[in-house]
Number of protein chains: 2
Amino acid sequence: MIELRHLRYFRVLAETLHFGKAAELLHISQPPLSRQIALLEEALGVKLFDRSRRRVELTEAGRRFYLDTGAVFSAFEQAKRNALATARGDAGELSVGFMMSTAYSITPTVTRRYAAHYPQVNLKLAETLPLDLAEDIYSGNKDVAIMYRPQDCTGLETITIFREPMMVVLPPGHRLRGRDVIDPAELAGEIFIVTPKRIAPALHDMIVSYCLQHGVTPNVGLEINMQQSIVNLVGEGMGIAIVPRSMRNMRLSTTTFKPLKNAPIIEVVAVWKNDNHNPCIATFVESAEQAWRDVEAAWSEEERC
Amino acid sequence: MIELRHLRYFRVLAETLHFGKAAELLHISQPPLSRQIALLEEALGVKLFDRSRRRVELTEAGRRFYLDTGAVFSAFEQAKRNALATARGDAGELSVGFMMSTAYSITPTVTRRYAAHYPQVNLKLAETLPLDLAEDIYSGNKDVAIMYRPQDCTGLETITIFREPMMVVLPPGHRLRGRDVIDPAELAGEIFIVTPKRIAPALHDMIVSYCLQHGVTPNVGLEINMQQSIVNLVGEGMGIAIVPRSMRNMRLSTTTFKPLKNAPIIEVVAVWKNDNHNPCIATFVESAEQAWRDVEAAWSEEERC
DNA sequence: GCCTCGCATAGTCACAAGCTATAGAACAAT
DNA sequence: ATTGTTCTATAGCTTGTGACTATGCGAGGC
């Protein structure tokens with residue numbers, strides 16, 4: 001059976017055309033080289049060298065074989081490089097799911113950064129309802145999710161990649177538009193627009209329990225799946241809402257965002273299954289963490305100014 | 001050092017995902033397979049399989065490596081095929097030189113046939129003066145020459161690939177135009193247009209000695225290198241000439257070709273050096289010989305009709 | 001004609017690939 | 001739980017073969 005050894009020996013001999021020198025380059029002695037070349041020729045059924053006892057030269061077939069075995073080694077080296085890169089998470093494929101409500105904040109930052117640092121990774125991004133995200137991670141359908149911290153995390157790894165306070169959004173001409181900070185107690189009686197508990201349990205529970213803690217039972221007049229839609233509907237005068245601060249980035253002129261007293265902090269996390277061995281997960285998470293540190297640093301810089 | 005054996009084992013295991021079955025397919029027992037896979041992983045520095053004691057599956061890197069090693073084996077198989085084809089003379093490069101005077105007869109027939117049968121051979125055709133052809137063969141500059149049989153053939157192999165009688169060409173309005181066959185004795189006093197002895201010794205000597213045998217000393221009034229030019233000049237009334245029959249194929253309306261009594265036969269041969277090991281020479285010569293047999297068969301068919 | 005060069009052959013050694021036997025983990029069935 | 005089954009890994013031995021040294025032998029050079 002022909003092995004890479006035979007091809008290695010052949011190529012060095014083809015380059016030197018001298019058994020002694022080739023053997024020296026290969027760190028073996030001359031007789032085994034003679035023997036291995038003879039075995040190679042026998043296995044191929046083709047004479048690769050014309051050799052008198054004095055001179056060695058390539059046959060036509062040998063010349064051809066020299067060119068072609070170059071491709072064999074290129075392919076082999078490429079295979080090794082790719083395997084290493086893939087194992088390190090520098091190359092491969094990564095499916096990332098994200099909640100639409102992070103599309104104005106951390107998701108673009110993180111994914112742009114990752115794509116720039118790891119161009120050999122084929123990054124597949126898909127907007128997904130929070131409800132489905134955890135399921136996709138469990139099933140292995142997606143590798144990483146960017147979502148609000150889920151309540152049940154058994155078998156999952158999470159890391160915080162974004163934190164922001166919740167704010168209240170007010171419709172045009174609302175009685176509280178003049179205020180700097182709003183106490184939730186003042187929101188009693190307002191119509192609240194909220195995501196359904198089924199779709200985004202963490203977010204829903206956070207808002208409800210925050211209100212209850214401040215003595216208000218929110219009057220949920222409208223259930224809407226997406227944060228963006230909620231803000232739009234507030235703009236249409238359908239009610240008020242408590243949403244993550246980054247929703248301001250929608251820059252909808254009809255709405256007003258106001259800080260809340262003792263505002264709850266919402267946490268966006270990257271989530272992955274700890275027995276999912278796609279090595280790109282590690283590089284992605286590392287990159288996302290760094291992106292968050294950069295954002296935090298930029299914010300404290302802003303505050304100082 | 002990683003050998004093809006490791007890659008072969010890896011690929012079968014990657015396909016079966018079962019050490020026992022893979023080992024059986026490879027006609028080895030299971031323990032050495034485990035060991036060789038472990039050695040491969042160690043040499044690469046990459047885990048290729050996730051294996052519990054119970055289940056085997058590919059890692060990301062392993063999946064990638066499986067794809068890439070496919071290319072390694074493709075390249076290797078290609079190299080083997082090409083080496084075999086080259087050794088058999090089915091592929092490669094062949095330089096063929098030919099005299100322009102065969103451009104109306106055997107050269108197109110032979111080369112078209114060869115190109116059709118051996119499409120993988122890169123055939124390099126070059127028109128060459130007979131003088132230079134032998135030299136090109138000796139020096140290895142060309143592999144095969146198509147030419148009139150040379151006088152000195154030491155170190156050369158030759159094979160006849162075409163035979164044709166010489167004919168006399170007459171200018172417009174010549175006194176002998178009405179004759180069916182011409183006796184060379186009747187050509188006494190005519191101006192002969194002949195190739196210089198230096199350029200095509202075989203052809204020159206054949207014509208001169210033929211004339212002498214028939215009691216005529218040819219009056220060489222014009223020396224012209226190429227047969228085609230000679231026929232053209234006969235058409236211009238510059239003299240008469242004795243040329244190979246296939247020169248009729250020029251279809252020059254001003255000239256008249258007449259058979260000669262006891263016409264000498266000119267032989268076109270393929271010539272190659274017997275220590276030139278280009279395997280395409282063998283296939284080319286074989287093909288040329290067959291082409292000649294076909295032409296002969298077609299001729300005797302014509303005569304019968 | 002002798003010497004040198006350089007590839008091939010002969011004979012020996014050692015390493016590693018392969019074998020058998022078995023341990024030990026994971027899962028299934030009772 | 002317990003036992004059986006199914007796999008992979010490990011241990012220890014055997015053997016094939018790649019590599020080494022010594023030498024043969026033909027081709028050129030002096």
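Order of the sequence lines fixes the chain letters, A, B, ..., with proteins taken first and strands second; residue numbering starts at 1 for each chain.
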Do [X] and [Y] pair up side chain to side chain, a donor and an acceptor below 3.5 Å, judged on atom types alone?
X	Y	result
B:Y148	B:S101	yes
B:R149	B:T160	yes
B:S74	B:Q78	no

Legend entry - Nearest-0.5 Å distance, OG1 of residue A:T283 to CG of residue A:L94: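 Answer for the OG1-CG pair, A:T283 versus A:L94, is 7.0 Å.
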
Of all heavy-atom pairs between [X] and [Y], which one has the smallest distance, and what is that distance?
X	Y	answer
A:A79	B:F65	O-CD1, 3.6 Å
A:T195	A:H204	O-ND1, 2.9 Å
B:L133	B:A145	CD2-CB, 3.6 Å

Would you kindly give the [atom1]-to-[atom2] distance between [X] and [N], to the nearest whole Å?
X	N	atom1	atom2	answer
B:I2	C:dA16	CD1	P	16 Å
B:Q36	D:dT8	CD	C1'	16 Å
B:R5	D:dT17	CZ	P	11 Å
A:L33	C:dG6	CG	C1'	12 Å
A:L4	D:dG18	CG	P	14 Å
A:F49	C:dG6	CZ	C1'	15 Å
B:M1	C:dC15	CE	P	17 Å

Legend entry - Closest to the B:S34 side chain, choosing from D:dA9, C:dG18, D:dG18: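 Side chain of B:S34 sits closest to D:dA9.
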
Inset, instruction - Would you please confirm or rule out a distance under 4.0 Å between OP1 or OP2 of D:dT17 and any side-chain N or O of A:R35? - result: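 Result: no.
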
Legend entry - N or O in side chain of A:R55 less than 4.0 angstrom from C:dG6 OP1/OP2: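 No, no such contact exists.
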
Inset, instruction - Could you list all the side chain to side chain donor-acceptor pair (under 3.5 Å) pairs where at least one residue sits in residues 9-20 of chain B, not counting sequence neighbours? - result: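 Found B:R11-B:T69, B:E15-B:Y66.
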
Inset, instruction - Look at the aromatic rings of B:Y114 and B:F284 and report parallel, tilted or perpendicular, splitting at 30° and 60°. - result: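 It falls in the perpendicular class, over 60°.
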
Legend entry - Any residue of residues 37-46 of chain B with a heavy atom less than 4.0 Å from an atom of DNA chain D: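 Correct list: empty, so none.
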
Inset, instruction - Using heavy atoms and a sub-4.0 Å distance, could you list which residues of residues 8-31 of chain B are near DNA chain D? By number, please. - result: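 Listed by number, they are B:H18, B:F19, B:G20, B:Q30, B:P31.
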
